[in-house]
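Chain A is the first sequence line, chain B the second, and so forth, proteins listed ahead of strands; every chain is numbered from 1. These numbers come from the heavy atoms of this one structure, side chains and all, not from hydrogens, waters or symmetry mates.
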Amino acid sequence: MNQTFVHFIIQRQDGPDSKPYIEEFHVPYRPSMNIISALMEIRKNPVTRDGEETTPVQWESVCLEEVCGACSMLINGRPKQACSTLIDTIEQPIRLAPLKTFPCERDLIVDRQRMFASLMKVKAWIEIDGTHDLGPGPRMSEEDRQWAYELSKCMTCGLCFEACPNVNDKSPFIGPAPLSQVRLFNTHPTGKMQASHRLESIMLDGGITSCGNSGNCSEVCPKEIPLTHSIAALNKSTTAYSFKRFFVK
Amino acid sequence: MKSDRTFFWRKLHSLSGLIPIGVFLIVHFGINYTAFYGEETYNQAAAMMGNLPFRYVMELFIIFIPLLYHGIYGVYIAREAKNNLSVYKYEKNWYFHFQRLSGIVVFLFLIWHVGTTRVAAAFGAEVTFDMVANLVANPVYLSFYLIGILMTTFHFSNGVRTMLITWGITVNQKSQNFGKMLGIVLFILLTGIGMIAIFAFVS
């Protein structure tokens, strides 16, 4: 392709309570550009396609190698990471917009607090502190380690929240990624010691029963985490636990 | 937090779709199918059902209460979803949205269906072959039945598929594919039985 510029149509917003508006940009083309490098070009020269000076487009990014999850946005309407989306692989003009599921802070920056709040609700950590030395924990089998490692790749980017039809303002659903984290921490030999607490936390309103099996989460996950498999496994654990809680515990 | 019984109510909602509603649906379709053997066979089968002991108690606890619970809670669940099919055109996302749409259509169909059969019977009409034949003689009512049957068989078959997932029976991809096949077979069988039955009433 012998092109000199890339056409961008960007949805902008000046603040959390302001109205969104559209601005278009022509960014000088270089081979192998990603979305972030194009946004950097706009920052260098914040002039719209019509030649009007404007403020630089704001976005969030940290690692630039698809492990931090900060640069999630809608690219041509699809939720993606801006760092790992290459200009050469997508249709132009390129439309950028902030994720819709999270409140917009400014331009392409959203507040992903809803996701972190969910992680806290489900106790997505392993308790290793005590008043005395607890010693080393039990070992994890290599068989479990292999698939659990895949779940640990979750970078709380929020794409599964964006694609899930049951994550929205009308629903209390805690979202797909935090559920998968419950499976991860309930598999960890030390984390397993609080397994029932995590299961209890996802059996409340907005927990695992809010999953409607649309499967969109697995489809859009940039780390290809088997989220629907995790949720199904947790369906098994919570069902078994509910019987245990009623009859035995 | 102890008072949050969401898990129980949702599991009851899921179970109620199969037991008793699904079981009743299959019995109902079976009775309807007797119309295929002729008016007399159907009238005998309908009379047998009508003369079952404890009929009103069974109707109340096996049909009406579970249906109302499943329907009303189902509409409440459907309201929590946002439609995103225009962006995410995945197979299971279609099933997800169609499950909610079909549920609402079936709910409306059942209001009409119960109104024109059971409620009519309560006001003295006789539940016979002729009652249904007179209804489906009207093409509008026949189309209500066709849509109602299709939506019901889809909702039930897809519900069985997702139920296997939500109860933790089909966990991996392989078994979930098996669940889907089971759903497709159920859908074809029930739709076939339902269609043969309703067209048996069309003269």
Side-chain angles (χ1 to χ4, degrees), chain A residues 74-79 97 100-101 121 147 159-174 183 197 199-220 226 228-243 245-246, chain B residues 1-15 73-103 158-180 183:
Chain A
L74 292 177
I75 300 169
N76 287 342
R78 314 269 317 168
K100 285 185 237 165
T101 301
K121 270 187 210 162
W147 64 259
L159 298 197
C160 58
F161 277 60
E162 180 71 15
C164 176
N166 273 354
V167 176
N168 57 66
D169 295 340
K170 288 179 289 179
S171 148
F173 188 30
I174 57 169
R183 182 173 176 229
H197 295 288
L199 291 181
E200 295 254 3
S201 76
I202 60 166
M203 288 162 78
L204 303 174
D205 187 27
I208 190 160
T209 52
S210 285
C211 168
N213 300 299
S214 81
N216 290 356
C217 50
S218 295
E219 298 279 357
V220 300
T228 47
H229 190 173
S230 279
I231 293 173
L234 286 173
N235 276 324
K236 188 186 177 77
S237 315
T238 47
T239 304
Y241 179 73
S242 69
F243 281 101
R245 190 171 64 175
F246 187 80
Chain B
M1 292 307 239
K2 275 258 162 58
S3 60
D4 189 331
R5 297 262 179 260
T6 303
F7 190 82
F8 171 76
W9 292 117
R10 286 292 292 249
K11 279 287 179 280
L12 188 66
H13 177 257
S14 169
L15 182 67
Y73 197 21
V75 170
Y76 172 77
I77 291 166
R79 284 180 65 248
E80 288 191 346
K82 67 176 176 210
N83 192 324
N84 58 13
L85 267 177
S86 56
V87 184
Y88 308 99
K89 297 181 175 77
Y90 304 116
E91 183 189 1
K92 281 192 281 180
N93 201 26
W94 278 100
Y95 295 151
F96 172 89
H97 288 286
F98 211 66
Q99 185 71 357
R100 279 142 185 80
L101 176 73
S102 61
N158 190 49
V160 169
R161 176 186 74 85
T162 56
M163 193 181 178
L164 289 171
I165 302 172
T166 54
W167 285 79
I169 295 165
T170 53
V171 174
N172 60 19
Q173 197 57 53
K174 199 171 152 190
S175 61
Q176 286 184 9
N177 281 342
F178 172 79
K180 190 176 109 182

**Message:** Need one label for B/Arg79: side chain, backbone, both or neither, based on atoms under 4.5 Å from any heavy atom in chain A.
**Reply:** backbone

**Message:** If you count every heavy atom of other residues, nucleotides or ligands that lies below 6.0 Å from B/Lys174 atom NZ, does the total exceed 12?
**Reply:** no

**Asked** Is it true that a side-chain atom of A/Asn168 and a backbone atom of B/Glu80 form a donor plus acceptor pair closer than 3.5 Å?
**Response** yes

**Complete:** Bottom line for A/Leu234: the part with an atom under 4.5 Å from chain B's heavy atoms is neither

**Request:** First locate atom CG of A/Asn213, then atom CD of B/Gln176, and finally report the distance between them rounded to the nearest 0.5 Å.
**Result:** 7.5 Å

**Asked** Taking the side chain from B/Asp4 and the backbone from A/Leu204, do they hold a donor-acceptor pair closer than 3.5 Å?
**Response** no

**Rounded distance [0.5 Å steps], CZ in B/Phe8 versus CE in A/Met203** = 11.5 Å

**Message:** Does any part of the side chain of B/Trp9, heavy atoms only, come nearer than 4.5 Å to the side chain of A/Thr209, both counted from C-beta?
**Reply:** no

**Request:** Drop me the distance from A/Ser214's OG to B/Asn84's CG, to the nearest 0.5 angstrom.
**Result:** 7.0 Å

**Asked** Which answer fits B/Tyr95, side chain, backbone, both or neither, if we ask what part of it has an atom under 4.5 Å from a heavy atom of chain A?
**Response** neither

**Nearest-0.5 Å distance that lies between atom CD1 in A/Ile202 and atom OG1 in B/Thr6** = 12.5 Å

**B/His13 versus chain A, the contacting section by heavy-atom distance below 4.5 Å** = neither

**Message:** To the closest 0.5 Å, what do you measure between CZ (B/Phe7) and CG (A/Asp205)?
**Reply:** 13.5 Å

**Asked** Any idea which heavy atoms bring B/Lys82 and A/Thr101 closest together, and the distance?
**Response** NZ-OG1, 3.3 Å

**Item:** Interface moiety of B/Ser86 toward chain A, non-hydrogen atoms closer than 4.5 Å
**Value:** neither

**Complete:** For B/Arg100 and A/Asn166 the tightest heavy-atom approach is NH2-ND2, 4.2 Å

**Asked** Mind checking whether B/Tyr88 and A/Pro79 have side chains closer than 4.5 Å, heavy atoms only?
**Response** yes

**Message:** With a 4.5 angstrom heavy-atom cut-off, is it the side chain or the backbone of A/Ser230 that approaches chain B, or both, or neither?
**Reply:** neither

**Prompt:** Side chain, backbone, both or neither: which part of B/Lys11 has a heavy atom under 4.5 Å from chain A?
**Reply:** side chain

**Request:** Find the distance between NZ (B/Lys89) and CD (A/Glu219) and round it off to the nearest 0.5 Å.
**Result:** 13.5 Å

**Message:** Please check: side-chain N/O of B/Lys92 versus main-chain N/O of A/Asn216, any donor-acceptor pairing under 3.5 Å?
**Reply:** no

